[in-house]
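In this chain, residues are counted from 1 in sequence order. A quick note: this is a predicted structure, and the numbers were derived from the prediction, not measured.
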Amino acid sequence: MHISTKCSIAIHCLVCIHEYGKAKKVTSELLALSAGANPVTIRNILGALKKDGILSIKMGAGGAALNCPLEEITLYRICKAIEPDFLAKLIGVHSAPSPFCPVGRNIHSLLDKTYSKIHSDLSDSLRSVTMREIVDQFHQMADSGG
């Protein structure tokens, strides 16, 4: 199973923008240094988050800012903004089972039902976690010296 690291980088960026955005300009270069990622990757992620309405970005050295409350930004929304087909890519099914074998003939239907439940459960879980919870956890860790 796979959810791209771009999603964790996006969450990293959103925490930084929330924490530092009022005091300084949060640019792709600053976020790239913090996340340990390429600035182009950061700009692509920020562009996707902007397109979804999560961020606003002032061109040049203007920086990024959150466009909506942390409670409205779920992990599902972030993943969907970054990789719109992330659920479809989550679990693959082999493409050429034998139509002459009873298992091969039925495996796609069998797995479609099973994988559909997994997709649904994961979607529900991702929708239940907001950036508010993540930022609150960050503050708890920072306050405890973590």
Distance-only, no hydrogens or angles: does the [X] side chain make a donor-acceptor pair with backbone N or O of [Y] under 3.5 Å?
X	Y	result
S34	L30	no
H108	H94	yes
S109	N106	no
R77	E72	yes
S128	S125	yes
S144	Q140	yes

Quick check: closest heavy atoms across [X] and [Y], and the distance to 0.1 Å?
X	Y	value
A65	I17	CA-CG2, 3.9 Å
C7	I78	O-CG2, 4.2 Å
A48	A81	CB-O, 3.4 Å
L70	L66	CD2-CD1, 3.7 Å

Indicate yes or no: at least one non-hydrogen side-chain atom of [X] is less than 4.5 angstrom from one of [Y].
X	Y	value
H12	S8	no
I45	T41	yes
R105	P102	yes
L87	Y76	yes

Enter the distance from [X]:[atom1] to [Y]:[atom2] here, rounded to the nearest 0.5 Å.
X	Y	atom1	atom2	value
L55	L14	CG	CG	5.5 Å
R132	I73	CZ	CD1	10.0 Å
L75	M131	CG	CE	7.5 Å
I118	K113	CD1	NZ	15.0 Å
C79	L122	SG	CG	8.0 Å
L49	I42	CG	CD1	10.0 Å

Subject >> Lys/Arg-Asp/Glu bridge criterion (N-O < 4.0 Å) met for K24, E19 >> reply: no
Original post:
Is K80 atom NZ crowded by more than 12 heavy atoms from other residues, nucleotides or ligands, each under 6.0 Å away?
Top reply: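 Buried by this count: over 12 neighbours within 6.0 Å.
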Original post:
Are a donor atom and an acceptor atom from the side chains of R127 and T74 found within less than 3.5 Å of each other?
Top reply: no
**OP:** Give a yes or no on whether L33 and L46 share a hydrophobic cluster (residues Ile, Leu, Val, Met, Phe, Trp, Tyr; joining criterion: side-chain heavy atoms under 4.5 Å apart).
**Re:** no
**OP:** Measure from NZ or CZ of K89 to the centre of the six-membered ring of F86 and say whether it is under 6.0 Å with the direction within 45° of the ring axis.
**Re:**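 No, a cation-pi geometry is absent between K89 and F86.
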